[in-house]
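Below you'll find the structure, written out as structure tokens, and then a few comments.
Keep in mind it's a predicted model, so treat the numbers as computed, not measured. Just the heavy atoms: all of them, side chains too, but no hydrogens, waters or symmetry mates, feed the values below. Below, chains carry the letters A, B, ... as their sequence lines are ordered, and counting in each starts from 1.
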2 protein chains.
Amino acid sequence: MEDQIAQDSTPISQRIKDYLLGEIAAGRWKEGDVVPSEQALVRQFGVSRMTVNRAVRELTAEQVLTRRQGSGTFVAAQKYQATLVEIRNIADEIRARGHEHRSHLHRLEPAKASDAMALQFGLPAGHLLFHSVIVHFENDVPIQVEDRWVNPDCAPDYLEQDFHASTPNQYLMTAAPLQSATYSIEALPAPRPIADMLAIEPRTCCLVLKRKTQSHDQIASVVTMWHPGQLYQFAGALG
Amino acid sequence: MEDQIAQDSTPISQRIKDYLLGEIAAGRWKEGDVVPSEQALVRQFGVSRMTVNRAVRELTAEQVLTRRQGSGTFVAAQKYQATLVEIRNIADEIRARGHEHRSHLHRLEPAKASDAMALQFGLPAGHLLFHSVIVHFENDVPIQVEDRWVNPDCAPDYLEQDFHASTPNQYLMTAAPLQSATYSIEALPAPRPIADMLAIEPRTCCLVLKRKTQSHDQIASVVTMWHPGQLYQFAGALG
DNA sequence: TAGTGGTCTAGACCACAGC
DNA sequence: CTGTGGTCTAGACCACTAT
């Protein structure tokens with residue numbers, strides 16, 4: 001045992017995790033190195049195997065260790081300097097900043113799927129879709145154009161919603177629970193209509209987030225979100 | 001018990017997780033609802049409490065449930081339709097696409113910190129920094145300008161590295177293990193020098209990723225990565 | 001006080017890897 | 001064959017919450 005912690009309320013399994021993490025952080029155990037077996041840790045800490053197992057299993061779930069039945073437990077491959085970005089519901093995000101969120105509904109109507117849009121949804125061209133265009137304001141500054149196409153099978157009441165009170169995001173969350181999603185982020189010059197809604201010059205750089213969500217094994221929604229590049233950024237922290 | 005699964009090799013704890021997830025997915029248990037207690041699940045499945053506890057504890061770690069000692073276990077607040085983006089080492093990313101990665105070193109030199117850069121690093125203005133500018137190519141098409149400033153205290157050998165063979169990312173991973181990071185993604189028009197290196201017109205939309213990494217309780221690296229907006233996008237999937 | 005979750009024990013049986 | 005991890009049991013004691 002490294003330290004003699006006499007009367008610490010920290011659970012034993014947590015102390016074992018801390019010990020293992022400490023050895024790795026200190027560089028004494030490096031990527032790929034074998035870690036003491038459960039039996040060895042049982043003897044070292046004088047606890048039962050279940051307690052050791054829990055500590056090691058949790059660190060494995062956290063990608064700190066990898067285990068191979070019959071072989072042993074190893075320090076997991078180092079994570080590269082990656083960056084994880086989480087993009088949330090715009091209204092929540094604005095309110096979380098302590099600012100006022102307001103939205104203007106430009107369009108909410110049924111529409112026939114173009115060839116390109118039909119392909120996105122995996123539906124025949126000309127199939128009925130719902131289409132909405134909403135501009136979101138942060139303290140009265142336009143910050144996002146949300147151009148959304150919705151599969152009526154997933155959200156039949158879409159056209160009856162009051163999108164001043166809530167966002168399509170919130171409605172679809174309950175009507176069509178998210179199963180999976182694909183997305184892309186790119187930088188594009190604003191076309192005329194988008195520029196007008198954002199009150200910026202045409203061809204200004206915009207941060208564009210496209211997202212396609214699946215629910216009940218169907219494509220539920222295809223959305224393109226335009227943000228003025230100078231005004232808006234995705235940001236966050238790791239670690 | 002819902003289904004009578006006679007001889008399934010699925011661990012019991014996993015079956016309990018599947019059962020709980022199924023009830024939530026089917027909408028029978030909604031956000032905030034109380035879920036059966038451990039004792040109730042013990043009776044329902046005819047297994048020991050440790051097995052039930054593991055299932056419920058793991059679902060709690062996965063943010064599916066929340067627990068309150070003395071009160072009970074509840075369905076966690078719904079996740080919004082969020083989008084998680086992981087941005088990785090550009091060389092790995094390109095090779096993962098089966099394409100060739102090549103880089104051109106434009107600059108690798110010591111430099112004095114400007115006021116703005118000193119502020120970023122939390123160092124006095126004029127402090128020694130290392131500065132590198134590298135252009136990354138995917139199949140000979142310029143895809144990223146990596147403009148990086150490095151704290152010499154964290155990576156004293158930075159200027160001696162061969163950044164044709166490896167990337168600064170890879171070197172810093174070992175020299176200055178990532179502790180935490182902040183980042184932002186924005187869309188900006190390319191300034192002249194960046195545009196030249198990317199072989200695009202000045203003022204073309206670029207997707208710009210800025211990242212500041214911390215190691216050993218110091219700012220280790222401040223990097224700005226410019227990508228041609230039409231050519232490059234961050235993309236991925238969820239679920 | 002009764003019921004809840006939080007944790008731990010000291011065993012057990014199994015599948016798999018390496019010698 | 002031995003040692004590894006993967007899982008499960010049937011108890012136990014504790015802290016906390018609600019009534």
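Applying the ring pair (Phe, Tyr, Trp, His ring centres under 6.0 Å) test to pairs two or more places apart or on separate chains, those with a residue in residues 160-185 of chain A are A:Y158-A:F163.
Residues satisfying the side-chain contact (heavy atoms from CB on, under 4.5 Å) criterion with B:E86, sequence neighbours excluded, are A:Y80, A:A82, A:L84, B:R88. Shown here are the side-chain contact (heavy atoms from CB on, under 4.5 Å) partners of A:R97, two or more places apart in sequence or in another chain: A:E93, A:I94, A:H99, A:E138, A:Y232. The salt bridge (charged side-chain N to carboxylate O under 4.0 Å, His left out) check on B:E58 picks up A:R57, B:K17, B:R54, with sequence neighbours excluded. Under the rule for a side-chain contact (heavy atoms from CB on, under 4.5 Å), the partners of A:Q170 that lie at least two apart in sequence or sit in another chain are A:N89, A:D92, A:S166, A:T167.
Note on B:R54: a side-chain N or O is less than 4.0 Å away from OP1 or OP2 of D:dT7.
Rounded to whole Å, atom P of C:dT7 lies 12 Å from atom CZ of A:R57. Rounded to an integer number of Å, the gap from B:Q39 CD to C:dG6 P is 14 Å. A straight line from NZ of A:K17 to C1' of C:dG6 spans 14 Å, rounded to a whole angstrom. Across the protein-nucleic acid pair, B:L59 atom CG and C:dG5 atom P stand 13 Å apart, rounded to whole Å. Put simply, CD on A:Q14 is 13 Å from C1' on C:dT7, counting in whole angstrom units. Atom C1' of nucleotide D:dC8 and atom CZ of B:R15 are separated by 12 Å, given to the nearest angstrom. If you measure from atom CZ of B:F45 to atom P of D:dC8, you get 12 Å, rounded to the nearest angstrom. The interatomic distance linking B:E58 (CD) with D:dG6 (P) rounds to 12 Å, in whole Å.
No more than 12 heavy atoms of other residues, nucleotides or ligands shown are found within 6.0 angstrom of CD on A:Q63.
Listed nucleotides: C:dT4, D:dT7, D:dG5. Nearest to the side chain of B:P11: D:dT7.
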Go along nucleotides 9-19 of chain C 5' to 3' and tag each nucleotide: B for a protein heavy atom under 4.0 Å from its base, S when only backbone or sugar atoms are that close, - otherwise.
BB-B--BBS--
